[in-house]
Protein chains: 2
Amino acid sequence: MAQIATAYRDEAPIAAHLESQPLFRGMAPELRATFIQAAQMQTLSKGSILFLQDDESEWFYLILSGWVKLFTETMDGDEAVIDMVSNGHLIGDSAILEDGIHSFGAAAVEPVTAIRLPSSLLKQAITDDHKTALAMLGSLSRHRKRQSREIESLTLQNASQRIGCFLLRLCNPDVPMPLTLTLPYDKSLIAARLGMKSETFSRALNKLRTETTLAIKGSVVTISDLDELSGYVCSACSNEFPCRDLHS
Amino acid sequence: MAQIATAYRDEAPIAAHLESQPLFRGMAPELRATFIQAAQMQTLSKGSILFLQDDESEWFYLILSGWVKLFTETMDGDEAVIDMVSNGHLIGDSAILEDGIHSFGAAAVEPVTAIRLPSSLLKQAITDDHKTALAMLGSLSRHRKRQSREIESLTLQNASQRIGCFLLRLCNPDVPMPLTLTLPYDKSLIAARLGMKSETFSRALNKLRTETTLAIKGSVVTISDLDELSGYVCSACSNEFPCRDLHS
DNA sequence: CGACGTATTGACTCGGCTCAAAACCTGTGG
DNA sequence: CCACAGGTTTTGAGCCGAGTCAATACGTCG
């Protein structure tokens with residue numbers, strides 16, 4: 001009796017979260033129900049590992065809040081940050097297409113809430129259900145495109161431009177001008193995410209400040225001239241400014 | 001009469017090529033037939049463009065021979081080489097998942113033969129046919145994985161290591177030791193492919209030669225000690241040597 | 001053989017890394 | 001409210017890897 005009661009209390013919010021996801025929204029209700037039933041709410045403290053590279057993939061995750069770092073580690077201990085994801089992103093799902101092995105690790109860099117779902121279920125759903133396969137295709141393709149831009153940016157933008165690019169992607173171009181935004185996570189993490197050391201980040205951000213109109217106070221950045229910034233950044237990039245859907 | 005005869009002559013080799021592709025092999029014969037009918041053999045001279053970034057995607061291509069460069073260009077004329085593909089690879093297919101716009105350009109860097117197929121047909125096949133969607137998922141996911149490694153390699157391997165990594169991926173680890181291989185395309189292209197200038201490539205290759213046992217004569221490379229080379233390279237990478245399926 | 005494209009070498013500059021020290025938060029407990 | 005400890009960020013000095021520009025060598029094809 002008590003069991004059923006708790007089950008109900010848990011399932012309602014989980015169902016709501018899953019339904020907000022394109023992957024689950026298109027599903028037949030019965031199929032979706034199997035996911036909802038198998039889903040588990042998780043709260044993760046700062047630093048905890050969701051999974052490691054080369055792990056057998058048992059679960060995939062829908063992030064609800066907080067930032068998660070996706071990374072790989074080399075033999076001699078160096079780390080490359082592949083991506084940072086949060087709120088509304090699925091991670092670990094792509095392992096089911098790669099022999100069930102995670103090709104990168106994932107760690108919470110702050111308190112994170114997530115929904116954990118069994119990989120086997122997703123694998124089954126993709127083989128059985130055409131709509132699910134299509135949704136998966138869409139998400140993978142967005143991923144691919146994003147990564148292409150990443151490669152481009154690493155090869156032909158310098159440190160300041162990469163930072164500027166990062167800031168631009170946080171901007172909503174429709175908001176009126178003196179535009180204020182807060183850095184989403186630690187500067188050292190942004191640095192790693194952009195493929196540079198934090199010392200370099202600090203210096204390059206200063207350079208960006210002197211070469212464009214830009215004010216920085218702690219983790220709050222104020223941009224007074226978007227066009228100037230995008231001129232500085234996007235000349236070394238293949239997309240022009242409102243470079244939409246590159247962070248979705 | 002003559003028409004039918006030529007049609008037969010053309011279709012037989014095209015059919016054979018398509019059937020060797022995972023994407024088409026799983027298809028129902030009738031569906032595959034529509035592709036075979038719409039397919040066109042192409043021979044492209046060095047330098048010709050298959051498509052450009054931001055082009056409306058009308059066609060996708062199966063490369064049969066020769067090397068094709070995938071690239072993006074920045075506003076101020078710089079170019080990043082995303083990938084080099086040849087023999088047995090599909091290109092331009094992923095545009096159908098991205099509003100039908102190519103997110104990179106493709107150009108032949110030497111004489112190329114390819115089969116050209118209409119994108120609309122593939123788009124239809126994916127929406128209608130589950131098997132095709134799954135094949136597409138598989139290929140996209142391989143792509144994604146490859147790109148992750150690309151990012152890793154750009155951020156944490158230096159020039160010599162990236163070259164060594166490139167060489168290792170050309171090696172068959174089962175072949176007995178004094179191992180000889182020929183660079184697949186111009187050194188300047190390899191340099192671009194690895195995100196460095198050709199002068200840097202030249203110097204870094206020299207460095208690699210002095211620091212490992214390795215002989216270079218023009219475009220012929222002889223590796224006498226694979227383990228030594230992989231030790232030098234893979235310490236700064238998250239996969240160990242026989243890093244399979246990273247070039248398929 | 002000469003001519004053109006590709007590759008190498010040299011001298012120099014500059015961006016980003018390293019290591020170490022200082023400054024700055026932020027939260028804790030007295 | 002202050003002082004202090006812990007982390008994060010910034011600054012400084014020096015170094016090294018990779019880019020630039022220009023000159024030279026190499027290869028190959030006519």
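Side chains are part of it too, since the values below use all heavy atoms of this structure and drop only hydrogens, waters and symmetry mates. Here is how names work: the chains are called A, B, and so on, in the same order as the sequence lines, proteins then strands, and each is numbered from 1.
- Rounded to a whole Å, the CE atom of Met196(B) is 17 Å from the C1' atom of dG16(C).
- Between the side chains of Ser119(A) and Ser57(A), at least one donor N or O lies within less than 3.5 Å of an accepting N or O.
- Note: Phe51(A) and Phe104(A) have tilted aromatic rings, judged against thresholds of 30 and 60 degrees for the angle between ring planes.
- Asn158(B) and Ser160(B) are not linked by any side-chain donor-acceptor pair at a separation below 3.5 angstrom, with hydrogens and angles left out of the test.
- Glu199(B) has its CD atom 14 Å from the P atom of dT6(C), to the nearest Å.
- Here the C1' atom of nucleotide dG7(D) and the CG atom of Asp186(A) are 9 Å apart, to the nearest Å.
- Contact annotation: Asn206(B) side-chain N/O to dT9(C) OP1/OP2 distance is under 4.0 Å.
- If you find the closest nucleotide of DNA chain C to Arg209(B) and to Lys46(B), the one lying nearer the 5' end belongs to Lys46(B).
- For the residue pair Glu152(B) and Ser238(B), a side-chain donor N or O sits within less than 3.5 Å of a side-chain acceptor on the partner.
- Comparing dA7(C), dT10(D), dA18(D) by their nearest atom to the side chain of Ser202(A) picks out dT10(D).
- The phosphate of dA18(D) (OP1 or OP2) has no side-chain N or O of Thr200(B) nearer than 4.0 angstrom.
- Comparing the helix axis at one end of the helix from dC1(C)-dG30(D) to dC24(C)-dG7(D) with that at the other, each defined from 5 consecutive pairs, gives an inter-axis angle of 30° (nearest 10°).
- Judged purely by distance below 3.5 Å, without hydrogens or angles, the side chains of Arg116(A) and Gln40(A) pair a donor atom with an acceptor atom.
- For Lys197(A) and dT18(C), the shortest distance from a side-chain N or O to OP1 or OP2 is below 4.0 Å.
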Between the protein and nucleotides 23-28 of chain D, which nitrogen or oxygen pairs come in under 3.5 angstrom?
none

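- Neither side chain, Ser188(A) nor Asp186(A), offers a donor N or O lying under 3.5 Å from an acceptor on the other.
- The side chain of Ser188(B) places an N or O atom within less than 4.0 Å of a non-bridging phosphate oxygen (OP1 or OP2) of dA7(C).
- The listed nucleotides are dA7(C), dT9(D), dT6(C); the one nearest the side chain of Lys187(B) is dA7(C).
- No donor-acceptor contact under 3.5 Å links the side chain of Arg203(A) to the base of dG15(C).
- A donor-acceptor contact closer than 3.5 angstrom is absent between the side chains of Gln161(A) and Tyr232(A).
- For Glu110(A) and dG27(C), the CD to P distance is 14 Å, given to the nearest whole Å.
- Rounded to whole Å, the distance from CG on Asn158(B) to P on dC17(C) is 13 Å.
- Between Asp78(A) atom CG and dT18(C) atom C1' the separation is 13 Å, expressed in whole Å.
- For Leu205(B) and dT9(C), the CG to C1' distance is 14 Å, given to the nearest whole Å.
- A side-chain donor from one of Arg209(A) and Asn206(A) sits under 3.5 Å from a side-chain acceptor of the other.
- Atom-to-atom, CZ of Phe201(B) to P of dA7(C) comes out at 9 Å; the value is rounded to the nearest Å.
- Between the side chains of Ser103(B) and Gln53(B), no donor-acceptor pair of N or O atoms lies under 3.5 Å.
- Shown are Leu183(A), Leu179(A), Leu205(A); of these, the side chain to side chain contact (heavy atoms under 4.5 Å, CB included) with Val221(A) is made only by Leu183(A).
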